[in-house]
Amino acid sequence: MTAWDDWLRKLSADGKGGLGLQGKPQMRAIDRGLPYVYVMAVGMDVSADAFEASIRAAPDAAGASLADFDVTVGSFADGVTTITLELTDTQTSALPSDGDADGLEEMVFDMLWTPSGGTQQRFLAGVIQVSGKVTNGSGS
Amino acid sequence: MAADLNLILNGTPVPVYLGENTANASASASRAEAAAATAEAAASAAEDYVTAATKAVGRRNGWPDPFFRRIAPPENVFLGRDRWYGNNSAGEGFGGWTRVKGSLFDGNVLRRTGGYNNTSLSGPMLYLDEIDAAPGDTITAYVLVVGSGDRVYGGFRWLNAAGAEISNGLMLNAAGNTNGVISSATPQWLRISVVVPANGDRIALWPYCLDGATGFDLVACWAFKGGTSDGPDWPSVDDSFNAIREAESRIDDLEFNSPPYVGWQSVLGDAEMVGDASYATKVIGLYEQMTAKTVFNTIQAHVWASTGADVEWKLFIRDTASAFNPSVETATLTGTITGGDFPLADELYSLELPSKVTAAATKYVFIFFRAVDNSNINVKRWLYNAGVVPARHAFAIGTSNGWNQTWAATAPGTGSGYGQVALKLLAQGDEGRELTDRVTALEEAVESIVPAVPPYFTIPAIVYAVVGTELNLYHDAIFSGHSDGLPGLVAHGVSVIGPKGQDKRRGFRFTPQSGDIGTHAFVATARDAAGNTVATRSFSITVVAATAKGSAKNVLMIGDSLTGPGVITSTAQAKFAALGATVPTFVGSQGSSPAKHEGRGGKTFSFFATAGGTAYRFPVTGVGSVGIGATYTVSGVTYTVTEVNISGGSGSIQATGASAPPTNGTLTKASGTGDASIAYTGSTTESGNPLWNSGALNVATYRSNQSIGSVIDLVTIQLGVNDAYGNAAPSACVTYAKAIVDAFLADNAACKIVIELPTLCGNTDDGFAANYGASNPNRDIYEARLFAIRSALITAFDAGAYHANARIGSAGLQVDRYYGYARSSVASAARISTMVDEHVNGVHPDTPGYNQNGDAIFAEAMALL
């Protein structure tokens with residue numbers, strides 16, 4: 001159960017994912033201090049479209065986002081278009097620390113989709129977690 | 001592998017594979033695509049199977065109208081194909097066949113008239129590809145007949161793709177022979193089961209009688225691929241046609257209850273209907289070939305009559321455009337247009353048919369017009385233009401009286417130039433027609449209403465002046481504000497400002513000197529009592545030298561009762577004569593040399609542009625007054641006064657009537673204003689419009705009749721007074737004027753035509769009172785109408801708007817509206833002996849006024865000859 005189950009349920013009902021809601025898939029957690037790369041495959045040709053994705057502490061939290069993904073849209077092949085979301089190790093290191101000492105810091109993200117020649121709209125949204133660091137990595 | 005998510009993007013479910021599952025995503029998508037392709041292939045195979053199944057033997061009817069619900073003689077096309085065979089034109093045209101309601105099945109029968117025998121072989125035509133039959137296949141075809149005892153046979157004919165016969169044979173009866181059936185109330189079939197020959201494309205079935213007089217009914221027809229055992233020996237009785245019929249009915253309703261739609265028009269649009277010349281003869285026929293099935297109930301064309309007689313019309317739907325006799329061939333529709341409802345001048349005429357007509361693709365729609373009095377019907381035409389695509393075709397003409405003649409085709413090509421203007425075929429619902437009629441009535445009403453517009457100027461762009469001759473532009477002659485006697489304009493002040501002349505109290509005056517030769521710009525301005533500018537007009541005065549012309553010229557002055565007395569003409573002629581050397585010849589049928597003219601009292605633009613009718617002239621003396629439009633009788637015949645040409649009680653009256661009056665007699669008033677009786681001596685019959693010959697305006701013939709050997713170089717047309725009095729529409733005056741201009745240019749392309757702005761009237765009500773009592777129109781109404789006519793003429797002709805050789809003249813602006821009209825000194829009233837000056841004639845200037853009119857025309861002639 002998350003703090004934003006109502007939000008997630010509504011996202012799910014609207015076909016926008018609601019990742020992290022019970023019964024729904026979860027995004028792989030971000031490992032603090034390590035680069036984060038997450039690939040998804042979309043079953044339609046969105047190769048000419050634009051995407052943005054960000055992390056925020058909570059929906060409608062004030063101020064700037066906690067981090068903005070670097071979004072790469074691949075080509076459409078074999079019926080899917082791959083989309084890659086990336087964060088640098090610097091970005092992951094800067095994400096808020098674990099507030100309740102349970103090793104996971106939960107926050108929210110969404111992806112915005114601007115179809116070529118169309119209007120920007122929400123593509124996908126849900127919960128994303130940051131997993132606490134143990135070993136100081138050497139970086140890439 | 002199932003997707004992790006199914007997002008909804010723009011309303012469409014989209015699978016999304018997350019993280020590690022992305023590697024499996026493309027494989028899943030490929031499998032899905034393959035599955036879809038397999039399904040599509042399966043569906044296509046199923047469709048092929050269905051198609052093959054239905055085209056197998058006995059599975060489809062080769063005649064798609066078993067009970068003749070669709071085929072509608074003379075229409076032989078339905079479902080996109082000609083489905084009726086005839087071995088000659090009579091057969092093709094369903095000769096001997098009629099479609100009547102059937103009583104055996106839910107549909108119709110084709111009834112063959114007794115006695116047609118086998119001279120015209122005709123019947124249903126079936127297409128083999130519709131039952132997937134090819135050469136070598138066997139097909140079976142049936143006809144089902146009932147009758148009253150005549151023996152009915154059946155023939156068939158194989159046809160190739162071009163419709164030509166390959167072979168023929170006879171259908172068999174139930175006994176298996178070719179002896180036909182003795183028809184009765186019991187339906188009996190004739191059939192043929194035969195192998196399709198090489199090149200066979202269709203089969204025509206033609207049941208017929210050889211003997212007997214009652215004929216028979218063809219009640220059903222059907223056919224199928226295969227032998228006799230592969231199909232039924234009785235027609236299918238399903239009612240699927242009812243849905244089609246209902247849909248067609250709804251389509252018909254939509255077509256006719258919606259605003260008018262165009263059934264057919266030229267690909268070149270409405271401009272192709274206008275033409276650039278005209279033609280006239282006894283019978284005119286126009287046609288167009290349809291490119292698709294066309295339903296229409298209105299035909300539009302630029303046609304008009306020469307007289308007010310009724311006009312008959314005939315509509316034909318034909319297979320070809322070859323010549324035929326409209327009296328022999330049966331028309332699809334006919335009718336008569338009441339005289340007066342058919343135009344008398346060129347306009348886009350709409351013939352509303354009494355019922356809708358359907359013309360199939362490739363058919364020719366012909367419409368013919370003929371006047372019952374055998375006067376000419378006029379039509380616009382196209383001169384040859386090699387660049388026009390599609391090329392213009394000929395139209396039909398009949399040069400003899402009556403319908404009974406085979407029409408001839410005109411020659412549209414180079415060297416002749418008689419190409420047909422396009423027709424337009426419309427379908428109008430009842431509401432649409434009613435709306436159109438109401439709009440037309442409103443337009444006519446609006447046109448007849450004197451517009452309540454602010455006062456305005458009527459001055460041509462160029463006013464001509466000549467050295468030594470006074471030019472006057474009277475303020476109350478150039479501006480439509482109300483004028484009353486010597487003070488002139490009562491509610492406005494007018495100024496004419498420019499580098500020459502003098503702008504005096506009642507008008508601008510300029511007597512050019514030799515140093516004034518050239519063109520000078522002026523501005524006329526009108527202001528109301530508060531000093532507000534209400535109208536302005538910029539124009540030029542072009543001054544020419546008073547130099548005699550170097551070569552002989554012919555001048556014709558056309559006009560009404562102002563031109564009739566001859567003073568205007570003689571004034572202009574005398575001015576030329578004073579210059580010496582070569583003096584232009586003033587020609588015409590009126591007046592006397594050297595100042596002949598074509599001034600005819602009571603005449604209008606319409607008179608000089610159309611036939612003009614027949615009239616009678618009554619020389620009279622001792623007349624007090626006679627009103628135009630008054631009726632008088634003599635010897636039982638009533639005559640309507642059309643002209644009053646009387647001065648000091650003597651002169652002549654022109655009137656129209658049913659027949660010629662006695663040479664001498666007494667006219668007794670029947671209605672209108674004027675003396676109760678008028679004695680006359682030496683009445684004569686006058687021809688109508690002298691320009692009208694052989695059913696058209698023909699200036700060359702006019703010149704021949706008047707012994708005018710060479711062309712006319714200058715024409716002045718000063719009309720409009722009677723048009724205004726008779727409330728003629730300004731637009732009609734323009735149309736007639738154009739026809740007159742065209743006629744003179746046709747005789748001499750270099751002819752100069754000046755359409756004079758007509759004079760108004762004396763600027764007091766006394767002249768109108770003297771001539772017309774207190775009748776309508778009074779002076780104010782008349783003046784407003786005349787200004788409207790002037791305005792329309794300026795719009796149409798000024799500054800070369802219609803033709804470079806046609807322009808507007810200023811004669812009517814230069815006659816003094818107080819001193820230029822005759823006055824008498826009379827006692828103010830019966831009890832008041834104070835003498836006052838009163839105008840005694842409403843619209844006719846006196847001699848000085850005519851002189852001023854003549855001076856203005858002289859200046860124009862000097863500039864233009």
Side-chain angles (χ1 to χ4, degrees), chain A residues 8 10-21 23-30 36-47 49 51 53 72-85 109-128, chain B residues 1-55 247 250-251 254 258-259 261-262 265 267-270 291-292:
Chain A
L8 294 173
K10 183 56 177 165
L11 287 168
S12 174
D14 290 346
K16 301 305 176 185
L19 273 68
L21 185 68
K24 286 293 182 183
Q26 283 194 342
M27 293 283 281
R28 175 166 53 81
I30 299 169
Y36 180 79
V37 179
Y38 195 83
V39 180
M40 60 182 67
V42 180
M44 66 184 274
D45 185 359
V46 293
S47 59
D49 304 338
F51 290 85
T72 303
V73 182
S75 58
F76 178 70
D78 298 326
V80 296
T81 309
T82 56
I83 299 176
T84 304
L85 306 177
F109 85 103
D110 74 357
M111 287 174 66
L112 299 182
W113 168 50
T114 306
S116 177
T119 305
Q120 189 178 56
Q121 57 189 283
R122 176 170 273 165
F123 179 80
L124 175 68
V127 167
I128 191 166
Chain B
M1 179 71 196
D4 293 303
L5 290 173
N6 279 297
L7 303 182
I8 306 296
L9 303 178
N10 288 336
T12 303
V14 177
V16 176
Y17 304 85
L18 301 175
E20 292 73 17
N21 286 334
T22 59
N24 297 321
S26 59
S28 292
S30 294
R31 286 195 294 274
E33 270 189 39
T38 301
E40 187 178 335
S44 176
E47 184 181 334
D48 290 343
Y49 176 81
V50 169
T51 302
T54 57
K55 286 190 173 179
R250 287 202 300 273
I251 290 170
L254 286 171
S258 55
Y261 81 97
V262 177
Q265 68 177 141
V267 295
L268 301 176
D270 287 350
T291 53

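Convention: sequence-line order gives letters A, B, ...; per-chain numbering from 1.
When B/Leu7, B/Asn6, B/Val14 are compared by the number of non-hydrogen pairs under 4.5 Å with chain A, B/Leu7 comes out ahead.
Contacts of A/Leu19 with chain B are made by side-chain atoms alone, with heavy-atom separations under 4.5 Å and no backbone atom involved. Heavy atoms closer than 4.5 Å to chain A are found in the side chain of B/Leu5, but not in its backbone.
Separation of atoms CD (A/Gln121) and CG (B/Leu9) is listed at 6.5 Å; rounding is to 0.5 Å. Separation of atoms CG (A/Leu112) and CZ (A/Phe51) is listed at 10.0 Å; rounding is to 0.5 Å.
Classified by interplanar angle (parallel below 30°, tilted 30° to 60°, perpendicular above 60°), the ring pair A/Phe123/A/Trp113 is perpendicular.
Of the possible donor and acceptor atoms, none in the side chain of A/Ser12 sits under 3.5 Å from a partner among the backbone N and O of A/Gly18.
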